[in-house]
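In what follows, every heavy atom counts, from backbone to side chain, and hydrogens, waters and symmetry copies are set aside. When a ligand or atom number is given, it counts from 1 through the structure's own listing order.
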Amino acid sequence: MASVNDEEPQPVPSLEERIDSGSWTIGVIGLGYVGLPLAVAATSSGIDAIGFDLNEGYVRALQTGDSPIEDVSQDQLRAALASGLAITSDPGDLTSADMLVLCVPSPLGAHREPDMSYIQSAADTVTKVISPHTLVSLESTTYPGTTEDIIVPAVTAAGLEIDKDVWVAFSPERVSPGDELKTADIPKVVGGVTADSTRIAAKAYSQLVAKVHPVSDAAVAEMTKLLENTYRAVNIAMANEMAQMAHELDVDIWEVIDAAATKPFGFQPFYPGPGVGGHCIPLDPQFLAWRAREMRFAPRFIDLAEQVNLHMPTYTANRVGEVLNGLGKSVNGASVLGLGVAYKPNIADDRESASLDVLRILTGRGANVEVFDPVVGAERVEANGLASTDAMGTYDIAVVLTDHDVFDLASIASRAAVVFDTRGAFRKRGLEVGNVVVM
Ligand code: SAJ
């Protein structure tokens, strides 16, 4: 009978075997509105998760169970921490990860060109911490070619070889802030730089989300995300231009859209507004436009949509002037109540918010602007250089810019000479109020 020390050393399970067995570790780089929900989702799927972020103060807050991310409640974070989720600001803690997922910002620079500095920094971290037999997935929205251009060189710089001891893929994040759908419920597109990378990445993600859609390579996955959000930007721009035409024709665009939406096929309603905010729709199409121009292709739809959407704050301010003029008042000196600075309803996020542009233009034209947004909060309103109010005063005009459910629009309308509703908010609530003018 062989003694213990004669036993053959057990072969180390391959990455694929570790993933198949369900006993593997995911390392998430970047714990924002994409990374933190992913790390929590992994933990609740029984996968060991290590969340890494550069910001030590932010990490300390997360370690105490304090979640600033709307889609991760305090309770969810605390439950994940109790189940073993590790949060760290030490990249060295990532060396044990079988899968490294990069969920870092991909903003645009001052001239709306891609700012790849965060992705490059995360890739440099991967080079430093990666061990052999690891899967690397980039989730940050970016131009087609980024995974090949930045992530592959990062892993080869660590001395690793694709399909031998490292696998690389792209999988676009599809988090919709404030939406009911959670990370695990949203289908995940996955494209590897090789067929093996696609297969292994699809296996890993299938343990994290309900449905995985593998595609033939990373560029397809990168472009999928850009198509999704360019589709939105272009259709929102069309709604914005339709609204301008409807105004010239003295037709209620909101009634037109609701009527068109009765068509049970071939039509998805998009709605006009004071402009397009958030960190996805105004920005993502520009990654595609930038890459297209590199290939000497003119992305006309993307450019036209951007022109229309970027003009909406000015158009909205002009309409406010027109409405005040109808009362014999001018913008200069008018008391204006701005309702909502968040970029979309019922969330506390004012990034790229068009509401801020509208209110700044009106302020620049001499209006006395006060802002009511109880979701974003007075502190944030004032941090944007605007005066906050509880909307209990009387106003020459109230402008609905973001349609938070919390607004008591009938009460506000009773204290304004006129309301300019850029969101069809009164119609949505079935409120028939005489002094409301729509976009
Ligand atoms: N907007 C309009 N009219 C519309 C729709 C939106 O003016 O018909 C404006 C909104 O007010 C906002 C901006 O456009 O200022 C963006 O709105 P959004 O509904 O697209 O919300 P986002 O920016 O949070 O987009 C995210 C995206 N998710 C990802 O990129 C993973 C987007 O793909 C989702 O479709 C969207 O959430 C969603 O449906 O909630």
Side-chain angles (χ1 to χ4, degrees), residues 32-35 37-38 69-71 103 105-108 139-142 170-183 185-189 209 221-244 253-254 256-258 260-261 267-288 305-306 308-313 315-316 339-358 373 375-376 399-405 421-425 427-428 438-439:
Y33 76 93
V34 175
L38 180 63
I69 302 295
E70 293 213 25
D71 289 351
C103 304
S106 49
L108 293 181
E139 295 211 354
S140 309
T141 303
T142 183
F170 182 84
S171 179
E173 59 90 359
R174 277 179 167 173
V175 174
S176 167
D179 205 323
E180 286 309 306
L181 277 173
K182 295 303 168 206
T183 298
D185 307 328
I186 301 170
K188 208 91 171 64
V189 170
V209 298
E222 289 160 337
M223 185 131 178
T224 298
K225 167 73 179 187
L226 299 178
L227 170 61
E228 288 167 9
N229 284 354
T230 299
Y231 162 78
R232 289 186 71 75
V234 169
N235 279 287
I236 294 166
M238 186 188 71
N240 283 327
E241 186 165 86
M242 284 284 173
Q244 297 174 63
I253 189 62
W254 304 93
V256 169
I257 294 167
D258 285 352
F267 180 82
Q268 180 186 1
F270 285 86
Y271 300 93
V276 174
H279 33 276
C280 301
I281 309 308
L283 308 184
D284 295 356
Q286 301 313 314
F287 282 95
L288 194 51
E306 188 183 42
V308 171
N309 290 335
L310 283 178
H311 177 66
M312 288 314 286
Y315 175 77
T316 301
L339 292 168
V341 290
Y343 80 85
K344 75 178 188 181
N346 309 320
I347 65 168
D349 190 340
D350 61 5
R351 280 176 290 181
E352 303 276 332
S353 171
S355 307
L356 296 171
D357 297 330
V358 175
D373 188 328
V375 177
V376 165
V399 187
V400 181
L401 295 164
T402 304
D403 181 14
H404 290 312
D405 293 345
D421 180 3
T422 75
R423 295 291 189 179
R427 179 183 176 84
K428 261 180 257 173
V438 294
M439 170 74 94

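- The Cys280 neighbourhood of ligand 1 comprises atoms 30 (O), with distances under 4.0 Å to a heavy atom of that residue.
- Note: Tyr343 and His279 have perpendicular aromatic rings, judged against thresholds of 30 and 60 degrees for the angle between ring planes.
- Atom 30 (O) of ligand 1 has its nearest heavy-atom neighbour, among Arg174, Arg351, Lys225, in Lys225.
- Within a 6.0 Å sphere centred on CD of Gln286, heavy atoms belonging to other residues, nucleotides or ligands number more than 12.
- Listed by number with element, the atoms of ligand 1 under 4.0 Å from a non-hydrogen atom of Glu173 are 31 (C).
- With distances taken over non-hydrogen atoms, the option nearest atom 15 (O) of ligand 1 out of Phe270, Tyr271, Tyr231, Tyr343 is Tyr343.
- Counting heavy atoms under 4.0 Å from ligand 1, residue Val175 touches it through the backbone alone.
- Close N/O approach between Lys344 and ligand 1 is found [any backbone or side-chain N/O within under 3.5 Å].
- Among Leu227, Leu108, Asn229, the one residue that satisfies the side chain to side chain contact (heavy atoms under 4.5 Å, CB included) test with Asp284 is Asn229.
- By the 4.5 Å heavy-atom criterion applied to side chains, Arg232 and Val276 are not counted as neighbours.
- The ring pair (Phe, Tyr, Trp, His ring centres under 6.0 Å) search around Tyr231 returns Phe270, not counting sequence neighbours.
- Proximity of Val438 to Arg427: side-chain heavy atoms (C-beta onward) are nowhere separated by under 4.5 Å.
- Comparing Ala243, Gly275, Ala237 against atom 9 (C) of ligand 1, the shortest heavy-atom distance belongs to Gly275.
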Q: Would you sort out whether Ser106 and Thr142 count as a side chain to side chain donor-acceptor pair (under 3.5 Å), showing the intermediate values?
A: CA-CA 7 Å; Ser106 49; Thr142 183; over 6 Å; no
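- Taking all heavy atoms of Thr402, Asp403, Asn240, Ile281 into account, the minimum distance to atom 25 (O) of ligand 1 is reached by Ile281.
- Here atom 13 (C) of ligand 1 lies nearest to Gly277 when heavy atoms of Ser353, Gly277, Gly278 are compared.
- The residue among Glu352, Met439, Arg232 with a heavy atom at the shortest distance from atom 18 (P) of ligand 1 is Arg232.
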